[in-house]
Amino acid sequence: FGSPINPPHSPHPPHPPHPNLPIMQLSTRLACFSTLPFLLTPVIADGPFYGDPPDANHPWGVHDHNRPQPKIVTPGTFSSQEVPGKPPSDAVVLFDGTEATMKNWVPAGKPKNDKRWTLTNGALQCTPGAGTVKTTAEFGDCQLHIEWTAPTQIKGKSQGRGNSGVFFLGGAIEVQVLDNDNNPSYADGMAGSVYGVAPPMANPLRKPGEWQAYDIIFRRPVYKDGMEVDPGRVTVLINGVVVQDNTPLEGGGGHRGRSKSRPFPESGPLTLQDHGNTTAFRNIWYRPLPPRAVEGGTDGRLTKEAAMAKR
């Protein structure tokens, strides 16, 4: 078949170039460029919708210009080991290292002695024997940010080192806090585990005495007419590393017993555990999350009744 370099023999000699070929080529190129304004002009819908219209399960059209805009949130800043970061503009601050935010925390039960958690070097520090503390505020589904550090003086092993826990809804579920730097334990009880349910997918902890950052997305279970329609889920990042990825709660877990799916309260306090270690916390804040479609939210795939009501 030949090639561009060695074309096959042709019995006919090639035509001589047209004398006006350069002008013709220029005209063709200009004609192509003249269509660019039409190609770059945004497409405007002829009808009421730019994309596909609403349907039985979606009250909004695709690319619907009438759909509400997301709210503006000013992002915060990242923490360093020396200085905690700043929360986003819509966050509810639970502890920022000040005496004023210490008032956001109270004993979770009736105090058995005069020991209390302390404000130490800008941190909320557990005093062993003081008991668990909880927030005065109650909330449900949320994005939570919390930082913690284990004691530099290493004592004990496994569950006995730097142990605490972050509990949602007053104790319904625990995300484990534990010094697992060169300190193995049972997997579903290590730092970042959904305690008694799911081990973390990785161990990205820093050394004891350094600040560890947890970012948690928490969604409680949803029940309707006594039936579970969403098991509840949690996503956890430790120091920017995903260790729980939309993990089903399976009833919330617990010590030694296998939990079963169950309803949770709609809201409750955040709880920090006294497990006998001087674990300390800083930079604690949360952002409430909007309801999911299964509980009355207006985004995502809705029931036919909810979609029609919204429309």
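Side chains included, hydrogens not; waters and symmetry mates left out as well; all remaining heavy atoms used.
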Full working for side chain to side chain donor-acceptor pair (under 3.5 Å) between Glu147 and Ser79: CA-CA 9 Å; Glu147 300 172 25; Ser79 296; 2.6 Å; yes
Cationic N near anionic O, under 4.0 Å, Asp299 to Arg292: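 Salt bridge: no.
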Ionic contact status for Arg220 with Asp230, cut-off 4.0 Å: no
Residue pair Gln212 / Asn239, side-chain donor-acceptor N/O under 3.5 Å: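 Side chains of Gln212 and Asn239: pair found under 3.5 Å.
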Check: Thr279/Asn277 side-chain N/O donor and acceptor closer than 3.5 Å: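 Judged by distance alone, the side chains do not pair up.
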Arg206 charged N/C atom sitting above Trp211 aromatic ring, 6.0 Å / 45°: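 Geometry flag: not set, cation outside 6.0 Å or 45°.
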Main chain of [Y], side chain of [X]: is a donor-acceptor contact present, judged purely on distance under 3.5 Å?
X	Y	value
Thr101	Asp96	yes
Asp225	Met227	no
Tyr214	Leu237	no
Ser80	Val83	yes
Thr135	Pro269	no

Please list every donor-acceptor pair under 3.5 Å in which a side-chain atom of residues 183-190 meets a protein atom from a residue at least two apart or in another chain.
residue : atom : partner : partner atom : Å
Asn183  : OD1  : Ser158  : N            : 2.7
Asn183  : ND2  : Ser158  : O            : 3.0
Asn183  : ND2  : Asp179  : O            : 2.8
Ser185  : OG   : Ser158  : OG           : 2.8
Ser185  : OG   : Gln159  : NE2          : 2.8
Tyr186  : OH   : Tyr195  : OH           : 2.5

Answer whether the closest heavy-atom distance between the side chains of [X] and [Y] falls below 4.5 Å.
X	Y	result
Val234	Leu249	yes
Arg219	Leu289	yes
Ile146	Val166	yes
Lys207	Thr152	no
Val222	Glu228	no
Val194	Gln244	yes

Pairs touching residues 67-121 that satisfy ring pair (Phe, Tyr, Trp, His ring centres under 6.0 Å), sequence neighbours left out: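 Listed by first then second residue: nothing to list.
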Atom pair CG/CD1 of Leu270 and Ile284 - distance to nearest 0.5 Å: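 The CD1 atom of Ile284 is 7.0 Å from CG of Leu270, to the nearest 0.5 Å.
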Thr132 vs Asp274, side chain to side chain donor-acceptor pair (under 3.5 Å): CA-CA, chis, key distance, verdict: CA-CA 5 Å; Thr132 297; Asp274 172 10; over 6 Å; no
Can you give me every donor-acceptor pair (side chain of residues 303-311, partner residue at least two apart or in another chain, under 3.5 Å) with its distance?
residue : atom : partner : partner atom : Å
Thr303  : OG1  : Ala306  : N            : 3.0

Mutual orientation of the aromatic rings belonging to His63 and Tyr50 [parallel < 30°, tilted 30-60°, perpendicular > 60°]: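 Plane angle between 30° and 60°, so tilted.
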